[in-house]
Amino acid sequence: MSPSSGDRTIKQDFFPSQQNSIGYTLTSLPPNSDSPDREGRSSVRYKCSMINSILDVLRQRPGWVEIKEDGEWDFNWCDVGWLRENFDHSYMEEHVRICHFRNHYELTRKNLMVKNLKRYRKTLDREVGRLEGAKCDFFPCTFELPSEYHLFVEEFKRSPGSIWIMKPVARSQGKGIFLFRKLKDIMEWKKDGTRSEDQRDEAPVESYVAQRYIENPYLIGGIKFDLRVYVLVTSYLPLKAWLYRDGFARFSNTRFSLSSIDDQYVHLTNVAVQKTAPDYDPEKGCKWQMQQLRRYLTAKHGSEAVETLFKDIDNIFIRSLLSVQKVIINDKHCFELYGYDILLDQHLKPWLIEVNASPSLTASSQEDYEMKYRLLEDTLNVVDMEGRLTGKEKRVGGYDLMWNDGPVYREDVSLETLGTTYQIANTNLGCVNDRRKQLRQLLKPFPGHKRS
Amino acid sequence: MMEEGADLSVTIAQIVHRLKGAHLHSQLEKQARECLHRPEIKLESLKEDVRSFLKASGWERKLQNAVYRELHILPPPGHPAAPPEHTKEPLVYMRKAQASWEKRILKSLNSMCTELGVPLARKRPVSEQKELTNKWNEMGTDEPDLSKFRPVYAPKDFLEVLISLKNPNYDCREGLTASSHWGLIQISLNVRDIPQMREAYPELSLTCSQLGIDDHAHIPPDLFESEHIRIGKKVVSEQDSAAAQQYSRQGCPTGFRAQLWALILNATNEPEDIMHYEQLKAAVIHHDLLVDNLIYKDVKLTASNDDYYFVFEDFLYQVLLCFSRDTAVLEHFSYNSATPPKSYIQGKTGAEEFTVVYPPNGVIPFHGFSMYVSPLCFLYNEPSKLYSVFREMYVRYFFRLHSISSSPSGIVSLCLQFERLLQNHLPQLFYHLQAIGAQPLRIAFKWMVRAFSGYLSTDQLLLLWDRILGYDSLEIVAVLAAAVFTFRAENLMQVTSLASAEAVLADLSTLKVMPLLQVFLFA
């Protein structure tokens, strides 16, 4: 099926039903006057391999039609496995979009992320100076095992008694993670030039990273939590990244104490792990919306301290993306929604724990479902298959444009900023998300739909 | 309110008497003595110099704040011949009703005690004391068997008592008249109507800026917010209670609400406050009280199940268990219509000299009590400070929500005010609801008893409590209840049963409090 160009009018009743995926032609909207080569589509064929909120969002989007099995598609929400097997053999037309970058693992696999960050930091130290490099000081000391075993042991001996956390590089949802204080707990990962006869026959040990454990996390009500924040990248070269205003804080199910490092339920805050804890109460909802957290922190520490904190968090996103900018294979078909896990310590310093390429889209409660729904809807708004954006927007729904080949600032000039060189970044994590109103003002209605 | 002449001197004498024994007095004396060494203090003008020193160093302000606090809790001056009960509650029938309600509660508590074979109070064995000390910061992990304990009463039981209140002097046999009561409350009290509220709450008017409305995302902060924050910073640095109270009428910015509320309540965290708290903690460790189980049960049933307050479970125990043992709370019974329940030491029933107040603070918690504390956890996390603020909030405001009195901030007046406001504003709605057996008060009562805690989202609740503190009155709670009904009037007009009316009003978490209040009173 080829698009029939030149068909500018769209009949009111022409709308293919969502069940019928064959036998219609694609039409395109009149090109937007601001960007003549942005052609939008009024009808989008999509593939989706998940059965959670993303499927609901796709199904409810006007003009989007699901393609089952083989069939040409314009949009694919795939999982990373599919991508690995099929991306290299797929030919995609210009307008087609897919939700991952080919080698996203440079950012999302723990060992590669650390490697890239360390390299980036060295580059900054060399080219700009140590002060600039110090801005990358947001990830705890990490070593890959077994390859960096000896380097690790040096550092380990320098700080006796401290706790370290071992994480498998490629697994998710808290699986395989444990804490340790003694070297003997990680004997398996010892890199020894002289492997014994028996060892050589065994399978090579799984790659892990050992990271200094943050022993003074910020606690609320005596409970440890981490933050899940969403960042959408639509291009790496040039780097264009959006930050979503909503997110949440995930609480561990039990009080924090360093005396029980074996109790993984205390230390790991993934909802997936919490769900298996013996005293997990699904009705309890161990999440706070980001807005609630931001208000709590403001009430406790004042707005200036909290603004500094959120600026430091912005810094994490930007630098982590810049660190892989040259490594990621840029492709105009690709976009990616990352789930960043951030931990705060008692000094209100944010630490990067990891970046997820496939953040969970399964909802743990009604409130959570609605948040993920909004997030995904706005993700599709930014990807803009329908060609409703000019490309110059700084905000789309709950997304604020954080980086566009350079920092993005808010336009507002208030009495305080007038005459100064101080500019406020265009990010609003944990702030009011009045997206409906903004979208109404921003976007043309879907073709065939009246303004709701 | 200050009256001229003799009343003023009586008030002054009362306040001086109360402050004389207080820690602040000894601190002032100490400061005065120590400043004698300072070069600017001259013998010729000793008095004036010491006074100016105290002023400049902020001590006069602290004294002012303490006096201000006393003025708040000082009951209005009564007739010299009136007995002390009049200070608690001037109307006899109300006193009687409160006394019989208390008898019922005590009976219920005693029977639970006998049934379960649990003593009202018991000294903990040393091993248990040690265990509790270790677990102090995580009492929420304890899972005691609470299935046999029931809350002593729930708000709806209390509502029935209020409904049955009758003024023996009021003859209501005359049939339906304009001043008849279509609502549930059958007595007449002087409650403010909308025009009177407008006069008393001018800062809420449409022409006045405030937080909760004028700090909305699309309004440039220069118009109001920035300036308001600047003034707030000044108020905090001046440490002026009265100014903070006035300021709070327009809302407190999130960043310094904690300091402002502490200032308004004059809730300090001095070493003596911390010590007092530690003493209470020691009391908890030594003795186990039956009411502790009621507290545990209440926290588990309410706050722990709340999406936002569950995090603070441990703080709630730390505050409420100590609160039960704080005999300083007994002071407030001089102006509370309630009287602390008395119990007898085992074996000495009837002997006056062996009575003790039970629980030591005289307050028996009911279902939902922990919700008075939960929102405060959002602001304070040092237990002694949190405790200080909560205790002051309780003895100034919260106690009025569950005792029968004629006070304009008392729950009876609030219920009546709510009904009257709604009747006058939307008579058709009121009539409709009454006709389908869904008396509005039956739904609104639970909100008002808790001052909306747990029903509104936290940030909205805090904006509401800003105004309770700012206007030193709980009336705003009744107004909000009426405003909520007004807001959902369209849907309510279409319901045909109490259950559906409850459903329409089940979820208040998305409501924005200040616009509702503003529109109700001024639009």
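Chain naming here is simple, since letters A, B, ... match the order of the sequence lines and numbering starts at 1 in each. These figures come from a predicted structure and were not determined experimentally.
When A:Val432, A:Asn428, A:Ile220 are compared by the number of non-hydrogen pairs under 4.5 Å with chain B, A:Ile220 comes out ahead. Between chain A and the options B:Phe378, B:Tyr380, B:Phe312, heavy-atom pairs under 4.5 Å are most frequent for B:Phe378. Per-residue counts of heavy-atom pairs under 4.5 Å with chain B were compared for A:Glu367, A:His301, A:Glu304; the largest is that of A:Glu367. Interface summary for chain A: among B:Asn381, B:Asp314, B:Asn137, B:Val311, the most heavy-atom pairs under 4.5 angstrom belong to B:Val311.
Ring pair B:Phe369/B:Tyr394 is tilted by interplanar angle, where 30° to 60° counts as tilted.
Geometrically, A:Arg294 engages A:Phe310 in a cation-pi contact defined by less than 6.0 Å to the ring centre and at most 45° from the axis. Relative to the ring axis of A:Phe248, A:Lys287 places its NZ or CZ within 45° and under 6.0 Å from the centre.
Side chain to side chain, B:Gln250 and B:Ser209 fail the donor-acceptor criterion of an N or O pair below 3.5 Å. Of the N and O atoms on the side chains of A:Thr427 and A:Asp314, at least one donor lies less than 3.5 Å from an acceptor on the other residue.
Residue contact with chain A, scored on non-hydrogen atoms closer than 4.5 Å, involves the backbone of B:Cys377 exclusively. In this structure, chain A has heavy atoms under 4.5 Å from both the backbone and the side chain of B:Tyr308.
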